[in-house]
A.B. asks: 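Structure incoming, see below.
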Amino acid sequence: MEDNKLVYLLNKMTLDEKIAQLLQLATPFFKGAKDQGEITGPMQSLNISEEIVENSGSVLGASGASEIKSIQKAHLETNRLGIPLLFMSDVVHGYETIFPVPLAIGCSWDLELAEESSKIAAIEAAVSGIHVTFAPMVDLVRDPRWGRVMESTGEDPYLNSEFARAFVRGFQGKDLRSETERVAACVKHFAAYGAAEGGRDYNTVDLSERELRENYLPAYKAALDEGCEMVMTAFNTVFGVPATGNKKLMRQMLRDEMQFNGVLISDWGAVKEMIPHGVAENEKEAALKAITAGVDIEMMTATYVHHLKELVQEGKMNESLIDEAVLRILILKEKLGLFENPYRGADEEREKEVIMSESHRAVARELATKSAVLLKNDNVLPLQSDQKIALIGPFGESGDILGPWSWKGSKQAAVTLKQGMLSQIKEEQLLLSKGSDVETITDEQLTEAKKIGEASDVIVLALGEHSDMSGEAGCRADIRLPKAQLKLLSHMKELQKPIVVVLFNGRPLDLHGVVDEADAVLEAWFPGTEGGSAIADLLFGEVNPSGRLSMSFPYSVGQIPVYYNHFNTGRPKGAVDAQERYVSQYLDIPNAPRFPFGYGMSYTHFAYSEPKLSCHTLTADSPITITVTVRNTGDRAGEEVVQLYVRDWSGEVVRPLKELKGFSKIALEAGESKEVTFTLSEDQLRYYDTDLSYASDAGSFTAFVGSNSRDVVGVTFTLE
Ligand code: GLC
């Protein structure tokens, strides 16, 4: 239906119908709904009529071709103008085939596989009737106390931007109308939700506009530049105003500067939450602030349907604000082809064919092997197939390895580490004991674990966090492993056996009591449906670990926030002329994180040549290249993530010690060498000045190349 037909349809709608189109309700409100669907926020009575439900515009959290078809059918029978519903759900890292959590995918540094994972998620969601996914979440994160770091790809604006693009490509494909097994993407949470003070969810965010633009906005912009159809507001304040009612953020920065003219949806209840935030005295004021800021859809509160008509009649707002919101929603429905086919991709036969298919699970397994990060290995990995192995710990036989955003995933169908290991060794070689629960341990558990450990050649300890210890509202002030598990590990240590710790968790942890006690540590994150197979592939060396951290591991919670692209300060520790005491340091821990951004080990080793510049002078018209030769000096094949960082030695504002400007994940056979060349152009050296101008400065720079943000070799050049 062309736009003028949409305008014609809009003009046929009554004011009540237009306002109801702006409401999104969870599944239980709808006729034809068989189950309650995905509930991801506080359910409350909305005090709305059946007529409002019949005229509402979209559904949150429904799934299943049959369920969605019956809801849509019942809706079309009652909606006067036959305007179809939009179905939106959180398909963040997989639908039923669950991939590793996005923080893990960020550690894969594999954009192609990331795109493939979201394409598969889109296929499974679309055949199940879903039209829009609330993903990718691209909030930059620097505080692992925050439960939702697992949902982000990490602490770097450039890496997050590259993943944002890849996810949008995978979800949306090239044409949503013809490709009915893709879904529209909704980038979230605009903006800077990851900067919540204290790492406490929904807490205050207070950043300078310069910092917001420099680090927090780029990934949202990247998603929109890739054609992302929707944006979701963040719960938090920005510049002292909740994002959901923030005109500067939404009208100026999002719609004008980023030229976003798609659908903006509030997060669950975020419109009404402007009252407890303290910027709206009542629902009516909250509604006015949100519609004025340009929020098109109100998710799961009813301020719009309760008050917008009155506000128009009182002359406090222009009806055109409602018209523009409704038109954006109708245009999205049109792009999805819903006016021609309100059931779009929903197809029970296709559901049976594609969901959890072998090929989908194979990609999930591959991505999980590439997302895990080998943090320590004192020659105990890979395991040998003739060893007697004790698998001990609460995650040895656990299916709780899907992560907190896996509402359609089945823990029962997930491949546990035990199952994965049994596909590599004989049953009699694998000795099993739970050793502890996630947060408790009994004497009996400990006694049995010691017996099993004593009888083994090597102990694999599967430790970690419940999936509900991270995710939304899953914040922790103490980010060590639970005490029960630390106790188990210390007792295993007394057996004087080699110990391999495998971590299943949703955040960088404080690894006191783990790293020094274990001989090897493999960070598996929440690896998804094929997690057990993938981790076993890595433990036995079927696959060589290639993950590199996309978020720093702090030495302790007291060090937070700790991130690689920090400033130098005027008294940097370790400077040649640094004093003993009067420098920026802690008295009790190092400044450096336990494991830095970009870090990860392999079963082989890589040697780097000195980086070579094509020229030592860069100008706006002539970029330079940096070339390095990487050689696999070990005895087995492996993948290396070659990373390029840049430092601007002097700007109009202080500049980070390093900024990621490029990376290349390369595969090398034993003894093989490859040349890697990066191109650097002037626009990659620009930054926001105090007046918010965005430009580069002539002067000295250093390009660093290496295997992580710490172990690099630099070469200097000048920007003229
Ligand atoms: C939740 C989350 C958001 C999600 C939405 C709908 O509150 O903040 O990420 O997409 O509700 O489920």
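Read the numbers this way: they start at 1 and go in the same order the structure lists the ligands and their atoms. Here the structure is a predicted model, which means the values were calculated and not measured.
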A.B. asks: Taking N or O atoms only and a 3.5 Å limit, does Arg148 qualify as a polar contact for ligand 1?
C.D. replies: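 Checking ligand 1 against Arg148, an N or O pair does fall under 3.5 Å apart.
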A.B. asks: If we ignore angles and hydrogens, is there a donor and acceptor under 3.5 Å between the side chains of Ser58 and Gln24?
C.D. replies: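 Yes, side-chain donor-acceptor contact under 3.5 Å.
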A.B. asks: Look at atom 8 (O) of ligand 1 and say which protein heavy atom is nearest, naming residue and atom and giving the distance to 0.1 Å.
C.D. replies: Asp267 OD2, 2.6 Å
A.B. asks: Verify the neighbour count for atom NZ of Lys248: are there more than 12 heavy atoms of other residues, nucleotides or ligands below 6.0 Å?
C.D. replies: yes
A.B. asks: Check this for me: Glu51, atom CD, are more than 12 non-hydrogen atoms of other residues, nucleotides or ligands nearer than 6.0 Å?
C.D. replies: no
A.B. asks: With heavy-atom distances below 4.0 Å as the criterion, list the atoms of ligand 1 near His189.
C.D. replies: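 Taking each heavy atom of His189 in turn, ligand 1 has 3 (C), 8 (O), 9 (O) under 4.0 Å.
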A.B. asks: Quick one: look up the protein heavy atom nearest atom 2 (C) of ligand 1 and list residue, atom name and how far away it is.
C.D. replies: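 Nearest neighbour among protein heavy atoms for atom 2 (C) of ligand 1, to 0.1 Å: Glu472 OE1, 3.2 Å.
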A.B. asks: If the test is side-chain contact (heavy atoms from CB on, under 4.5 Å), which one of Val205, Val238, Asp201 qualifies with Tyr193?
C.D. replies: Asp201
A.B. asks: May I ask whether Met232 has any heavy atom positioned less than 4.0 angstrom from an atom of ligand 1?
C.D. replies: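 True for this residue.
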A.B. asks: Kindly assign one of parallel, tilted or perpendicular to the pair Phe190 and Tyr220, based on the angle between their ring planes and the thresholds 30° and 60°.
C.D. replies: perpendicular
A.B. asks: Would you kindly specify which portion of Met137 sits under 4.0 Å from ligand 1, judged on non-hydrogen atoms: side chain, backbone, both or neither?
C.D. replies: neither
A.B. asks: Between Asp90 and ligand 1, which residue portion shows a heavy-atom distance shorter than 4.0 Å: side chain, backbone, both, or neither?
C.D. replies: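 Within the 4.0 Å criterion, Asp90 contacts ligand 1 through side-chain atoms alone.
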A.B. asks: Arg169 and salt bridge (charged side-chain N to carboxylate O under 4.0 Å, His left out): which partner among Glu116, Glu162, Glu115, Glu112?
C.D. replies: Glu115
A.B. asks: Within a distance under 4.0 Å of any heavy atom of Phe235, pick out the atoms of ligand 1 and give their elements.
C.D. replies: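 Those atoms are 7 (O), 8 (O).
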A.B. asks: Tell me whether Glu281 at atom CD has more than 12 heavy atoms from other residues, nucleotides or ligands lying less than 6.0 Å away.
C.D. replies: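 Count not over threshold, so no.
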A.B. asks: Does Lys188 reach ligand 1 with a nitrogen or oxygen that is under 3.5 Å from one of the ligand's nitrogen or oxygen atoms?
C.D. replies: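 N/O-N/O distance under 3.5 Å: yes.
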A.B. asks: Between Met88 and ligand 1, which part of the residue brings a heavy atom under 4.0 Å of the ligand: side chain, backbone, both or neither?
C.D. replies: neither
